[in-house]
Amino acid sequence: MSTDNQTSFTDIPEAVVSVAATDRSVSMVVDSELYPLQAVYGASYIFIDRCYVFIDRPEPGKYRVTLTAKESVEEAEALRQLVGEYANELLSCAWRHQVTQDNRVAIETVTVQAIAGAMGEPSLDDLADFDFTDEALDDPLGIAQSWEDKHGRKSPAEKEQAKAKVPEGEAAEATEAASTEEASA
Amino acid sequence: MTELRFPREVYVGEAVDEAVKTWSRFAEFELSETDDHWVVTVTPKHEAAARQIIGEFGNFVLGLTIDRGGVS
Amino acid sequence: MKLINLAEIKPRPGTQAFFRWRQIGDNAVLITNLEGNWLILDTAEFTQFARGEVEADSELHGRLLDKNFLRSNYDIQAAAERVKARKYFVHGGPLLHVMVVTLRCNETCVYCHASRANMDAVETDMSIETARKAVDLALSSTNGFITIEFQGGEPLVNFPVVKEIIEYATERNKEIQKRLEFTMVSNFALLTEDKLQYLLANKVQLCTSIDGPEELHNAQRKLPQTHNAFQAAAKWIKRVNEAYVEIGLDPTLYHVEALLTTTKATLDKWKEVVDTYVGLGCKTIFLRPVDPFGFAERARLRLEYPRGKYLEFYRNAVNYMIELNKQGVEILERYAAIFLTKILRGEDPNFLDNRNPAGAGIGQLAYSYDGNVYSCDEGRMLAATQDDAFLLGDVDTPYRKIVGHETIRAMTIATNLDQQPDCVNCAYNPYCGTNAAYNYKAQGSVFGRMRDNNVCAVHKGIQDFLFEKLAENDPEVMEIFERWTTIRPREHFVQEPGAAAELAEGETPSAD
């Protein structure tokens, strides 16, 4: 275990190789052989409402997850709790990742039987409408482009125009985009 | 100015690009890359909110990466 | 709550069928599976399940087997049937058609700016021609059930167009033969006896808004002249309920229901809100949090609140409602009923904002006064703030182009919880839903980010509360929950093709 700074951790959870902490953040090193990236993603995602989360690769075979509390942290105990919670989530995600893998065939079979089975045969009209050309490969619907890019938020220039019309709109959006509202479950 | 180095093995490049686009209203960004990292230099437009902007930007990149199913 | 320590439990995969879990108490863990079966285990039972050490002849093994949690005995056929029952709506097509017949409104509500206009803004009235085209589009839905909901503004302000829609739709439905219903959301202040008789004759279900006790309601909903929006609504709630009895309808089933908008000012008044609704003869309260659509940013700061505060309000109000039910008062909370129907009955009540995938475009369409068609009412309100992201076309656009619009595809994909990072692991996944327009408005993307999403926080909080109640297993509460999930269809409001149109012709009330 490494204790670079102020906070020392005497009982780090089994899931974590080492822990380093400052007054506001904690970094945990995780063995990528034991914990797949999907589990690291899953556990990290749980914290993005409370923490700024950064994942890097300090060395091959390891992930380092740094959690920086958004709000001020009064005591080292709060950081210790973050480590414990993260380790718990990591174990849970790894476990559920494996459970999902184990049951993938069953999940797909159930879903296909429940959903696709009810679609019935295509009608003659459906077949008549079907595009048999290669044009679909040109991505006419812009599937490769994100929906927000095509239809969603406008460019800053367009926004300026909208702002002239509705003064409060832009302010609302800026606040919401940067919002860290006290809201989560 | 803060340099963030997102490992390619963890973060999806399109997620970095999209996050930069979304957050360009709040910060100046410079992008470069190495063999192992997407490198983003962030200069927040509002000094008072710099910590929040950089932190939320990082979360945004992670969120979009996970939305895309992560790095396969 | 003392968190369960998985490192101590040392879970082992291999024996469990696909499942999700959530700790709901010090000694209570909820497990749910793909098809929405659930069990509440104590820590010792959860430990056995997690380790794959459940004895084959144990009582726990029987429960896990019965609910399809064991991989070795997983019943695919039963699971498929359950999933099918829960997802029956996927193939339906739009059934709810919100028609905004005018933006004009006689009331000024503190939370509503964008979706209303002053009474002299006659240019925001829907025309007869647009109304007919909107009906044609609605009736071309693939869904055999069609509900046309009149909204505004205040729909009674443009009553001639309301009548036109009712009569034209009923006439057209003679040949199309769908199960057609009409609903009106009105503040009732402009209701007259003539209009009421017309609406009754044409089986239009009436719904109003009550924001709580008189003082709060009047502070939030300003009515010119009398300045008493509450009394205006209360008078007509009483009159409509009497009228239902006069035409021989069962008052326990047929009565006016009201909608609540919970603002910051509502939070401390949970008891007064419930008492007000009971006093007005309502049997349902829908404790809806205020949403970010339609009001200005300035108002948001005054009206909004942290969702934790809302959940405290929710718990207080519903606990009080449960106590009233124990004393014989019939009152239910709509959110709870929606979730409990999914949890206890394995059915989906098809509430469009809380299903997976959500109903925007594939379950509902919203028709603005100017003929523009949106994926949902929220999309229409967003357009009023110069953001037409959810515009699908207009009443001249062919039906298939509207529902096949790429915006609808994006919203459907975005509200499929099986691709949402947080939702894929959430024990409430089988009972939950997200709202793409809300996500877009609040978080900048139709996908949103569930960890700090207010709708997610509310849904999780309500389900936490309900599962805590289910874990307590109080027989009286369980009986109340059973009652809350017993759906009694209001058949009277279904139009009989032919008959309703004749009634309409027989009545000639003055328009305004």
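In what follows, chains are A, B, ... by sequence order, proteins preceding strands, each numbered from 1. All figures in this text were calculated on a predicted structure; none of them were measured in a lab.
With rounding to the nearest 0.5 angstrom, the CZ atom of A:Arg24 is 8.5 Å from the OG1 atom of A:Thr68.
Both the backbone and the side chain of C:Phe18 come within less than 4.5 Å of a heavy atom of chain A. For C:Lys309, no part sits under 4.5 Å from any heavy atom of chain A, backbone or side chain. For a residue to count as touching a neighbouring chain, one of its non-hydrogen atoms must lie under 4.5 Å from one of that chain's; by this rule C:Ala85 does not touch chain A. With a threshold of 4.5 angstrom between heavy atoms, C:Leu3 approaches chain A through side-chain atoms but not through N, CA, C or O. Contact annotation for C:Ile4: only backbone heavy atoms (N, CA, C, O) come within less than 4.5 Å of a heavy atom of chain A. Looking at C:Arg20, the atoms closer than 4.5 Å to chain A (heavy atoms on both sides) sit in the backbone and in the side chain alike. There is no contact between A:Glu89 and chain C, counting heavy-atom distances below 4.5 Å.
Checked against the 6.0 Å centroid threshold, C:Phe49 and C:Phe19 count as a close aromatic pair.
In this structure the side chain of C:Asn453 never reaches within 4.5 angstrom of the side chain of C:Asp422, judged on heavy atoms.
A perpendicular orientation is assigned to the rings of A:Trp95 and C:Phe46, their planes being inclined by more than 60° (bins at 30° and 60°). Taking the six-membered ring where the residue is Trp, A:Tyr86 and A:Phe47 present tilted rings, their angle falling between 30° and 60°.
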Start with the C-alpha gap between C:Asp348 and C:Arg355, add the side-chain angles, then the distance that decides, and say whether salt bridge (Lys or Arg N to Asp or Glu O under 4.0 Å) holds.
CA-CA 8 Å; C:Asp348 197 299; C:Arg355 58 172 231 194; over 6 Å; no

